[in-house]
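No hydrogens, no waters, no symmetry mates; every other heavy atom, side chains included, goes into these values.
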Amino acid sequence: MYQQVISYRRQTVPTIYWPQIIFRVEIMLGIIIFLCLVVQIWVRIATTQMAYHIEARRAELTRSVYALRDLEVAKEKIRSPNMLSREVERRLNLVPVLPQQVRRINLG
């Protein structure tokens with residue numbers, strides 16, 4: 001009989017190079033921190049732009065409110081009886097009635 005020689009390969013455990021792993025983890029953490037900072041800056045810029053936009057709209061609203069109040073005052077002024085009669089007299093070229101021109105009419 002032949003003698004069989006069984007050779008077992010010795011399995012070698014791969015060597016772990018801890019400095020390389022630690023360096024890769026540090027790089028990944030650095031990238032994550034950098035991305036967090038970029039997002040924070042982007043959010044801050046977007047917030048500032050939105051604040052300017054809101055402030056511009058608030059100023060526009062204030063101007064519109066004052067314009068509306070002015071228009072309401074002008075409308076009430078125009079609708080007042082004294083103003084209305086003066087405007088009618090001006091447009092129709094009417095002159096004020098003198099007391100000598102008024103006649104009293106008796107109906108009874």
Side-chain angles (χ1 to χ4, degrees):
M1 276 188 110
Y2 295 103
Q3 210 176 19
Q4 290 182 340
V5 177
I6 301 174
S7 68
Y8 291 100
R9 283 189 183 173
R10 204 169 170 204
Q11 292 180 346
T12 58
V13 178
T15 312
I16 299 175
Y17 296 106
W18 286 106
Q20 288 179 350
I21 292 174
I22 292 173
F23 179 72
R24 288 180 183 165
V25 169
E26 287 174 349
I27 293 294
M28 285 185 202
L29 288 176
I31 290 172
I32 290 171
I33 291 172
F34 175 75
L35 290 176
C36 289
L37 290 175
V38 167
V39 168
Q40 183 181 8
I41 290 170
W42 177 73
V43 167
R44 186 170 291 186
I45 289 171
T47 304
T48 304
Q49 288 177 346
M50 186 59 66
Y52 282 129
H53 182 71
I54 289 171
E55 190 60 35
R57 294 295 171 247
R58 183 177 291 141
E60 182 180 340
L61 177 65
T62 303
R63 283 193 305 270
S64 298
V65 166
Y66 285 136
L68 180 64
R69 287 180 187 168
D70 291 342
L71 289 173
E72 286 175 354
V73 168
K75 180 179 82 172
E76 291 302 321
K77 194 179 203 184
I78 288 172
R79 294 175 88 186
S80 71
N82 292 336
M83 196 65 164
L84 189 61
S85 66
R86 270 189 262 147
E87 185 65 24
V88 168
E89 289 173 359
R90 187 186 65 80
R91 287 190 182 180
L92 297 177
N93 295 326
L94 297 177
V95 291
V97 178
L98 298 174
Q100 296 88 3
Q101 294 174 329
V102 178
R103 286 189 194 170
R104 189 173 181 128
I105 301 175
N106 290 329
L107 297 174

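No side-chain heavy atom of Ile21 sits under 4.5 Å from any side-chain heavy atom of Arg24. Between Val102 and Val97 the shortest side-chain heavy-atom distance falls below 4.5 Å.
With rounding to the nearest 0.5 angstrom, the CD1 atom of Ile22 is 15.0 Å from the OH atom of Tyr17. Note: Met50 CE to Ile54 CD1 = 6.0 Å, rounded to the nearest 0.5 Å. Rounded to the nearest 0.5 Å, atoms CH2 (Trp42) and CG (Leu37) are 15.5 Å apart. Between the CD atom in Glu26 and the CD1 atom in Ile31 there is a gap of 12.0 Å [rounded to 0.5 Å].
For residues 84-94, the side chain to side chain donor-acceptor pair (under 3.5 Å) pairs, not counting sequence neighbours, are Glu87-Arg90, Glu87-Arg91.
Here the rule is side chain to side chain contact (heavy atoms under 4.5 Å, CB included) with Arg69, and of Val73, Val65, Leu71 only Val65 fits it.
With sequence neighbours excluded, the residues forming a salt bridge (Lys or Arg N to Asp or Glu O under 4.0 Å) with Arg58 are Glu55, listed by chain and number.
Salt bridge annotation for Glu60-Arg57: present, with a cationic side-chain nitrogen under 4.0 angstrom from a carboxylate oxygen.
Here the closest non-hydrogen pair linking Lys77 and Ser80 is O-OG, 2.9 Å.
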